[in-house]
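Numbers restart at 1 for each chain; the letters A, B, ... are given by sequence-line order, proteins then strands.
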Protein chains: 2
Amino acid sequence: MTSRPSIKTVAAAAGVSPATVSNAYNRPEQLSGAVRERILDVADRMGYAGPDPTASSLRSRRTGSIGMLFAQALTYAFDDPYCTTLLAGIADVATEAGSNILLMPVGPHVSSRTYSRDEEMRLVHGVRRAAVDGAIADGVQPDHPMLRVLAERDVPLVRTTDEGGGRSVVVDDAGAGRALGEHLRSLGHRRVAFVADSTGDGRPRVEPADHRPLFPYARRRLEGVREALEPHEVMVVDAGTNTARSGRRAVDAILARDPWVTAVVATSDVLALGVLEALRSRGVRPGVDVSVTGFDDLPQAAQEGLTTVHQPVREKGRTLGRMLLDPSFTAHRVLLPTELVVRTTTGTAPHHS
Amino acid sequence: MTSRPSIKTVAAAAGVSPATVSNAYNRPEQLSGAVRERILDVADRMGYAGPDPTASSLRSRRTGSIGMLFAQALTYAFDDPYCTTLLAGIADVATEAGSNILLMPVGPHVSSRTYSRDEEMRLVHGVRRAAVDGAIADGVQPDHPMLRVLAERDVPLVRTTDEGGGRSVVVDDAGAGRALGEHLRSLGHRRVAFVADSTGDGRPRVEPADHRPLFPYARRRLEGVREALEPHEVMVVDAGTNTARSGRRAVDAILARDPWVTAVVATSDVLALGVLEALRSRGVRPGVDVSVTGFDDLPQAAQEGLTTVHQPVREKGRTLGRMLLDPSFTAHRVLLPTELVVRTTTGTAPHHS
DNA sequence: TCGGGCTTCTTGATCGATTTAGTAGAACGT
DNA sequence: ACGTTCTACTAAATCGATCAAGAAGCCCGA
């Protein structure tokens, strides 16, 4: 009599079958109002808080929550306005649908590496334990082991890249990169550095000229930039994390390698803002001595006059959410528009002779 | 042969019992390396992604995730740097512990109201379905129905208020409020408005002089401010949501009621920044014509010169997380320090004669 | 040779609900 | 009065694992 009541004990106390108690909570229309009231009264009196979620999920194969996977560690994700805005969009839809959102910490994965069984186990630990009806992956590499786990578990997945197939909400990253590149080219820039985030622990470093960034979106944007600037080579810098700090430090790496760089293209506003800061503290005038561009168009970007590419992040989140939660939303791939926003951090290239 | 493999089919294929397969995933030390390898090989070959999370949770009574409840709607929470920073702190600990974080949308609850059965059902819907090992509630009123549900379900709970007992990580809100009040009083302010957030849908409105704000932290801070300014009455404004927009609109309400207010105390920096903006756009000089204070000490506050109370938000998140996830962390209540940070938005009260 | 202590694996019960198929009885039309 | 349909509820099977208790085999010392 002292243990937590189960649906069976409540049923017995109310003089009905367990199935009827279940219906009282989940299908009110299936039983008479009087019986339902009696059952809920009895449940209240016994301190029964409703059907056990895990038992319910096991039998019904539904959990009422959707999973969220970020390319970067959760610890950074919440500092990143892009991520929080995306989450806000997802939350808009989830709230309406009555779904919970499960955030899973993800380990970093570098495509070229192979893992021992135990390393891989650790990498997918959170995903394996996650009870979700579907999942959203932002920026995650298509070959990340956790996506395989989700696939094996038949968890519906939507992503923000169309690499590797599957449902997706994307922007035209390559096109946006090209727009940035063309903008810079038209201003006379020839020596351009591209700063990409990744899951590096470490300090920013200049990569070989043919480097392919870790994350799909960064890869695509770089492709576009390269295309627009051909035949000039683009210097590629792996900044490590997607933080202003990494942006600042990337400036060191760039200038150490080539002090005559006239423009820096960053894969995100967050990085770009760090770049701006570092340049200014060296007495370099953004938009005059060195041009800088970002990506996302965060509120802060407007404040700082950052030339960037606008993407509808919150709408992206909403669309991702709807793809999972709204059965009538059947699109396989949604393309959202981007727009080049030219502000004051880009200008004509200084003439070095 | 076409359905998803279960632990039983994998066991059969590997020539062992289901319990052994379970151990291969959950207790590697309980079986020989050779058998474990064989089992995992077979599992891989059959496309088995490991034990089903819901089934596992049902039997083991563990889910591997902790729940997060915000006082405000999720939709706003992600726009609020306080919330995201708190989450970052929680994520720090959760990542380390390998726990997932479940975000639950919560409906608004006004203490004075009583609900019909169905209204209450809707209010606690997310919490009833949530499979979690523990939960963190930030700013939620102690009598919110969902806290009752969690209690009935024996879900361990930690909160950011000590009202109503239970485990908590708190700051001395009343003390901080008093510090703000004394600061203003020493500057000669007598007509002070207090702007509190709540879960209002609506427009800001001036409340009766003895109003008690909805959220515990706001209540405490107001108590402190009132105490310091006695016997002068404090005008209390319910700003609705915790957003800059509500802060801006609160200014209208304040000035409509009493144009001679010389100081505005907001329950958060977010609100205060909105207040600043609205004042400036009316040509009122913050810190000269009207003093303004915030709470939290967000990065933006420093930027804007906002006088505010610093609280260690990320550390608060970490501590909350540890309380749930670290069994050796047994403290029942942790008090974190705050500090009054005086900047330029407060100054001596203008003399109205 | 025996029994105790390990390690490694198995057996059978159990976690707490939902589902499907079905029944009893009321209501209805003819 | 009879068959049909509908409403409101029940019985039994089932979801897929984990747990507690126990057994088989092995090593070891006495």
What's the CD-P distance between B:Glu29 and C:dC9, to the nearest Å?
13 Å
NA contact type, B:Tyr48, heavy-atom cut-off 4.0 Å: base, sugar-phosphate, or nothing?
sugar-phosphate
State whether A:Arg159 and A:Asp138 are salt-bridged, where the test is any N-O pair (Lys NZ or Arg NE/NH1/NH2 against Asp/Glu carboxylate O) under 4.0 Å.
no
With no hydrogens and no angle check, just 3.5 Å: does a side-chain donor-acceptor pair link A:Thr54 and A:Asp52?
yes
For a quick check of understanding: with a heavy-atom distance under 4.0 Å over all strands, which category does A:Ser6 fall into, base, sugar-phosphate or nothing?
sugar-phosphate
Looking at every strand, decide which applies to A:Arg36 at a 4.0 Å heavy-atom threshold: base, sugar-phosphate, or nothing.
nothing
Hey, does A:Ser32 reach any base, or is it just sugar-phosphate, or nothing, if we go heavy atoms under 4.0 Å?
sugar-phosphate
Touch check for B:Asn23, heavy atoms < 4.0 angstrom, all strands: base, sugar-phosphate only, or nothing?
nothing
Any side-chain N or O of B:Ser17 under 4.0 Å from OP1/OP2 of C:dC9?
no
Those residues of residues 56-65 of chain A lying under 4.0 Å from DNA chain C by at least one heavy atom
A:Ser56, A:Leu58, A:Arg59, A:Ser60, A:Arg62
Quick one: closest heavy-atom pair of B:Asn100 and A:Gly126, and the distance?
ND2-O, 3.2 Å
Closest-nucleotide ordering on DNA chain C, the 5'-leading residue of B:Val16 and A:Asp52:
B:Val16
Looking only at side-chain N and O atoms, does B:Arg27 come under 4.0 Å of OP1 or OP2 in D:dC19?
yes
Starting at atom CD1 of A:Ile7, determine the distance to atom P of D:dT14, rounded to an integer number of angstrom.
19 Å
